[in-house]
Number of protein chains: 2
Amino acid sequence: MKNNISGCSVEETMNVLGGRWKMLIISFLIEKTMRFNELRRALPHISQRMLTLELRDLENEGFISRKIYAEVPVKVEYSVTNDGEKLRPLIEEIKKTGIWLKSRT
Amino acid sequence: MKNNISGCSVEETMNVLGGRWKMLIISFLIEKTMRFNELRRALPHISQRMLTLELRDLENEGFISRKIYAEVPVKVEYSVTNDGEKLRPLIEEIKKTGIWLKSRT
DNA sequence: CAGTATCCCCAGAGATACTG
DNA sequence: CAGTATCTCTGGGGATACTG
């Protein structure tokens, strides 16, 4: 968390969920559990490195959980936690806004 | 706009309104018209340079308007446009989320 | 007051290669 | 398959000074 002396709620949300990818990742995982490479395919523009880093952040913040299956080859599934699920209204609103934005002009 | 080949709505919103400051600036202006230095005081962590750049972006996207009073010294007022006003539900949801985030642990 | 204009820097992110 | 490990580089953004 960089700057949040102001204690502003909007700033708090941006500090935790800002950036190009976090909301997008959650918007997929909130619909269904997904594997690592499945997410890569869903987000064609993110690098493997960034996806890993963003997933770790989201996990540390408690929004998603990571389940490892000790198979060969390894299988890892990501899904939203209860806290992640609480972001659904926000995600929905962001989606609505995006649809509207694309419809302008 | 960097990457939006996917056409995803969430990505669209992030491309247009992402970044640390845009949502925050709109959240202030949606409540009331403000002058430049008034905004600076409201956002203690933004540099003058960034505030100018972000305001120009938001103006170009049609979310805010800029009114110049030819007084001495100059007076410039920023306020949301009709399109900016349409972001209110999103801003409200971001605020709610921020309040919740701060209440966790 | 409300900005521009410069200079400068580093952290965020890409590319590539390797591995349990 | 699902990641690390490096190495590299760019441009976003800070600091400072100046101005209509």
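Below, chains carry the letters A, B, ... as their sequence lines are ordered, and counting in each starts from 1.
In this structure, A:Arg49 does not pair ionically with A:Glu54, as no charged nitrogen and carboxylate oxygen lie closer than 4.0 Å. Salt bridge status for B:Arg35 with B:Glu77: absent, with no side-chain N to carboxylate O gap under 4.0 Å. Using a 4.0 Å cut-off between a side-chain N of Lys or Arg and a carboxylate O of Asp or Glu, A:Lys95 and A:Glu31 qualify as a salt bridge. Ion pairing of A:Glu93 with B:Arg88 is absent here, as no side-chain N (NZ or NE/NH1/NH2) approaches a carboxylate O to less than 4.0 Å.
The stretch residues 62-70 of chain B has no heavy atom under 4.0 angstrom from DNA chain D at all.
Taking 4.0 angstrom as the limit, A:Tyr78 places a side-chain polar atom (N or O) nearer than this to OP1 or OP2 of D:dG3.
The side chain of A:Arg56 approaches D:dG3 more closely than any other nucleotide in the set C:dC1, D:dG3, D:dC1. Between D:dC1, C:dT4, D:dG3, one nucleotide has an atom nearer to the side chain of B:Thr52 than all others, and that is C:dT4. Residue B:Val76 has its side chain nearest to C:dG3 when only D:dC1, C:dC1, C:dG3 are considered. Listed nucleotides D:dT4, C:dC1, D:dA2 differ in distance to B:Arg35; the shortest reach to its side chain belongs to C:dC1.
In the helix from C:dC1-D:dG20 to C:dG20-D:dC1, the terminal helix axes, each the rotation mapping four pairs' C1' atoms onto the next four within five end pairs, subtend 60°, rounded to 10°.
Checked by atom type and distance alone, the side chain of B:Thr33 never pairs as donor or acceptor with a backbone atom of B:Leu29 at under 3.5 Å. Not one N or O on the side chain of B:Arg40 forms a donor-acceptor pair closer than 3.5 Å with the backbone of B:Leu51.
The local environment of NZ in A:Lys75 is crowded, with over 12 non-hydrogen atoms from other residues, nucleotides or ligands closer than 6.0 Å. When the shell of 6.0 Å around CG of B:Asn82 is examined, it contains 12 or fewer heavy atoms from other residues, nucleotides or ligands.
To the nearest angstrom, P of D:dG12 lies 15 Å from CZ of B:Arg20. In this structure, the CZ atom of A:Arg40 is 10 Å from the C1' atom of D:dG3, given to the nearest Å.
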Atom pairs, protein N/O to nucleotides 14-20 of chain D N/O, distance under 3.5 Å:
| from | atom 1 | to | atom 2 | distance (Å) |
| --- | --- | --- | --- | --- |
| D:dG14 | OP2 | B:Ser47 | OG | 2.8 |

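Under the 4.5 Å side-chain contact rule for hydrophobic residues, B:Met34 and B:Tyr69 do not share a cluster.
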Stepwise side chain to side chain contact (heavy atoms under 4.5 Å, CB included) test for B:Phe63 and B:Val80: CA-CA 6 Å; B:Phe63 299 123; B:Val80 291; over 6 Å; no
Verdict with reasoning, B:Arg66 to B:Arg56, per side chain to side chain contact (heavy atoms under 4.5 Å, CB included): CA-CA 9 Å; B:Arg66 183 163 172 269; B:Arg56 292 296 173 277; 3.4 Å; yes
